[in-house]
Amino acid sequence: MRKHWLPSVASLADVRTREFGGESRGTYGAAPTFHHYHPADARRAASTIAEGGVEIPSTWRLDTTAGRLVEKGSLFAFRLGCLVVVGMVLSMVWMLVHALVSS
């Protein structure tokens, strides 16, 4: 299962959770959010999930084709974004060097 979906799966399995953090930091975004799961509920939910008693969407799981496709898609978007940023930085450096050499 993808780490991102763990709180949602816990909710599907009726696990009592306590969420803390996540307060706003103004222009700096938000603080990280942490989840505390009730131990007895987590043990019960683990066995229920292993037996197939909880229906987890296939895109949330890594052992399905749809889940692996979603994971690869998000990695592709991240890598493409990094490539664009590196390309922009290199083009700015090239333009700066070109301007300095030609003057």
Side-chain angles (χ1 to χ4, degrees):
M1 173 181 334
R2 297 174 60 204
K3 180 181 171 184
H4 175 74
W5 293 109
L6 187 58
S8 300
V9 172
S11 174
L12 286 176
D14 295 326
V15 175
R16 290 175 282 183
T17 62
R18 187 175 45 138
E19 192 175 285
F20 54 96
E23 57 272 350
S24 175
R25 293 183 176 169
T27 57
Y28 299 109
T33 302
F34 300 98
H35 300 274
H36 176 77
Y37 302 101
H38 191 274
D41 288 349
R43 280 191 294 275
R44 177 190 47 77
S47 62
T48 304
I49 290 171
E51 295 168 358
V54 176
E55 185 63 34
I56 301 172
S58 62
T59 56
W60 294 3
R61 300 169 49 152
L62 291 174
D63 61 345
T64 63
T65 305
R68 286 191 299 272
L69 189 60
V70 168
E71 187 72 18
K72 286 180 183 178
S74 62
L75 285 174
F76 175 74
F78 173 74
R79 290 175 181 162
L80 183 63
C82 289
L83 182 64
V84 168
V85 169
V86 167
M88 290 174 57
V89 169
L90 288 177
S91 67
M92 287 189 294
V93 168
W94 183 80
M95 289 172 29
L96 178 64
V97 168
H98 184 65
L100 291 174
V101 169
S102 65
S103 61

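Starting from 1, each residue takes its place in the sequence as its number.
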- Query: Would you say Thr64 and Arg68 make side-chain contact, with heavy atoms under 4.5 Å?
  - Reply: no
- Query: When hydrophobic residues are tied together by side-chain contacts of less than 4.5 Å, even through go-betweens, does Val93 share a cluster with Val101?
  - Reply: yes
- Query: For Leu80 and Phe76, what are the C-alpha separation, side-chain angles and deciding distance, and is it a side-chain contact (heavy atoms from CB on, under 4.5 Å)?
  - Reply: CA-CA 6 Å; Leu80 183 63; Phe76 175 74; 4.3 Å; yes
- Task: State whether the side chain of Arg44 and the backbone N or O of Asp14 hold a donor-acceptor pair below 3.5 Å, judged by distance alone.
- Result: yes
- Would you say the side chain of Ile56 lies within less than 4.5 Å of the side chain of Val54, judging by non-hydrogen atoms? yes
- Query: Stepwise, does the side-chain contact (heavy atoms from CB on, under 4.5 Å) test hold for Thr33 with Phe20?
  - Reply: CA-CA 6 Å; Thr33 302; Phe20 54 96; over 6 Å; no
- Item | Listed partners of His98 passing ring pair (Phe, Tyr, Trp, His ring centres under 6.0 Å), at least two apart | Trp94
- Would you check if the side chain of Ser11 reaches a backbone N or O of Pro7 as a donor-acceptor pair within less than 3.5 Å? no
- Message: Rounded at 0.5 Å granularity, tell me how far CG in Leu96 sits from OG in Ser91.
- Response: 11.0 Å
- Query: Does the side chain of Leu12 come within less than 4.5 Å of Pro57's, by heavy atoms?
  - Reply: yes
- Here the gap from His38 atom NE2 to Thr17 atom OG1, rounded to the nearest 0.5 Å, amounts to 11.5 Å
- Item | Atom pair NZ (Lys72) and CZ (Arg79), whose distance is rounded to the nearest 0.5 Å | 10.5 Å
- Message: For a quick test of reading the model, state the closest non-hydrogen atom pair linking Ala30 to Gly22 and the distance between them.
- Response: CB-O, 3.9 Å
- Item | Flag side-chain contact, heavy atom, 4.5 Å: Ile49 against Val9 | yes
- Within the distance-only criterion (no hydrogens, no angle test), does the side chain of Arg16 pair as donor or acceptor with the backbone N or O of Pro39 below 3.5 angstrom? no
